[in-house]
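Whatever order the structure lists them in is the order used to number ligands and atoms, beginning at 1.
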Amino acid sequence: MIRDQETLNQLLDTISRFVRERLVPAEQTVAEENAIPEDILAEMKALGLFGLTIPEEYDGLGLTMEEEVLVAIELGRTSPAFRSVMGTNNGIGSAAIIFDGTEEQKQKYLPKYASGELIGAFCLTEPDVGSDAAGVKTTARRDGDHYIINGTKRFITNGPTAGTFTVMARTNSEIKGARGVSAFVVEAGTPGISLGPKDKKMGQAGSLTCDVIFEDCRVPLTSLIGGKEGEGFITAMKVLDRGRLHISAVCVGVAERLMAESLSYAAERRQFGKPIVEHQLIQAMLADSKTEAYAARCMALDAARKRDMGQDTNTEASCSKLFASEMVGRVADRAVQIHGGAGYMSEYAVERFYRDVRLFRIYEGTSEIQRIVIARNMLNEYLN
Ligand code: COS
């Protein structure tokens, strides 16, 4: 946790400069090569970016949710692939252990996530299990002092480079729903794990995903997160609650970048004898984007502060993720429109961002799932 405003400002300034001077100039190369250059990865590690949310006693910065939101907004001002490469260590790839892991699991893995020595990935989604996450079909059968894991996990972010996988698997086949699921931390390289080819995606080049396949993969009992069976789905939901707020903040950062691109283009580009920014229809698009991005920023920060105060922010995280991810889609669309024909050309960043942002409405829970969570909670509150 950052203790004073000055230290926080320094961190934000450092990240902002790093984004401007190192990441933005490398965006096109990352998009073309579908990989983040090694020297940039090394700089990210040196800056502590892999351990933003890892508690200080395990060598991370231990940022509060509000601090994390502010950092994620800064990181959002460049290609989402950069955020993604260290996003799992700061979120879904480490959070299960932070929230529910045993002390031994924390000591073994968290410092390595914080330094970036180990990449953590989160394995919930399967070929037949997406939004209905409690339907996990991957199994973990107890066999003496081991579990044997079988199943396929799909679209796993950082799967190709991961050193550990947080795997949700069914330990009790009698219980079909959430309570039959347990969470495991499984080390890459364990016999029985194989990776599918890297997925070819619409956008976010440089952020790698693949299938992770478990075939009679034997893991010791100590791999069970928290040492308790039947808690895996709830752990996954807690992880996503935090992750959804983080994604909201990234959406705000991307929207702010897209507005900056739109504004500078509109100030330069002349039509009908004046810069297009002086035309009111262009101004309307800029103003709508600004208003919506500001609203999303306020929502993310408000929810983050509530979470830091210990409140249950399940509803707020879903509201924030729903609004911010839909908002950035509209902002990207306007950004392309303001650029006109140029916005359709890949030499302009807005074309790439337009494709990149589409994922925000889908991963870590679709917009439809966020609406379900929000409405269910409203109903529960009304009934109780
Ligand atoms: N925090 C803690 N516990 C939670 C929780 C949360 N945010 N959400 C649900 N739970 C608990 C419930 O309280 C319930 O516990 P009990 O067994 O003690 O009653 C259990 O988890 C099951 O919850 P629920 O009945 O609500 O589960 P559903 O199957 O109805 O599913 C949704 C709930 C739809 C919200 C869930 O499946 C979901 O989020 N799906 C989207 C998955 C997703 O985001 N995938 C993206 C890919 S991963 S990057």
Checklist entry - Taking it one step at a time, do Leu322 and Ser367 satisfy side chain to side chain contact (heavy atoms under 4.5 Å, CB included)? => result CA-CA 5 Å; Leu322 170 63; Ser367 290; 3.6 Å; yes

Next on the checklist: Surrounding CD of Glu104 (heavy atoms of other residues, nucleotides or ligands, distance under 6.0 Å), is the total greater than 12?
Outcome noted: no

Next on the checklist: Please enumerate all residues that pass salt bridge (Lys or Arg N to Asp or Glu O under 4.0 Å) together with Lys112, with sequence neighbours excluded.
Outcome noted: none

Item to check | Neighbour count above 12 (heavy atom, 6.0 Å) for Met309 CE | outcome: yes

Between ligand 1 and the protein, which N/O pairs are shorter than 3.5 Å?
unit_1	atom_1	unit_2	atom_2	d
ligand 1	7 (N)	Asp241	OD2	2.9
ligand 1	7 (N)	Asn314	ND2	3.2
ligand 1	17 (O)	Arg179	NE	2.9
ligand 1	18 (O)	Arg179	NH2	2.7
ligand 1	26 (O)	Arg376	NH1	2.8
ligand 1	30 (O)	Arg376	NH1	3.1
ligand 1	30 (O)	Arg376	NH2	2.8
ligand 1	37 (O)	Ser131	O	3.3
ligand 1	39 (O)	Arg244	NH2	3.2
ligand 1	40 (N)	Ser131	O	2.8
ligand 1	44 (O)	Arg244	NH2	2.9
ligand 1	44 (O)	Gly365	N	3.0

Next on the checklist: Check for me, please, whether Met44 and Leu63 land in the same ILVMFWY cluster - side-chain distances under 4.5 Å, paths through other members count.
Outcome noted: yes

Next on the checklist: Can you confirm whether more than 12 heavy atoms, excluding those of Tyr354, are under 6.0 Å from its OH atom?
Outcome noted: no

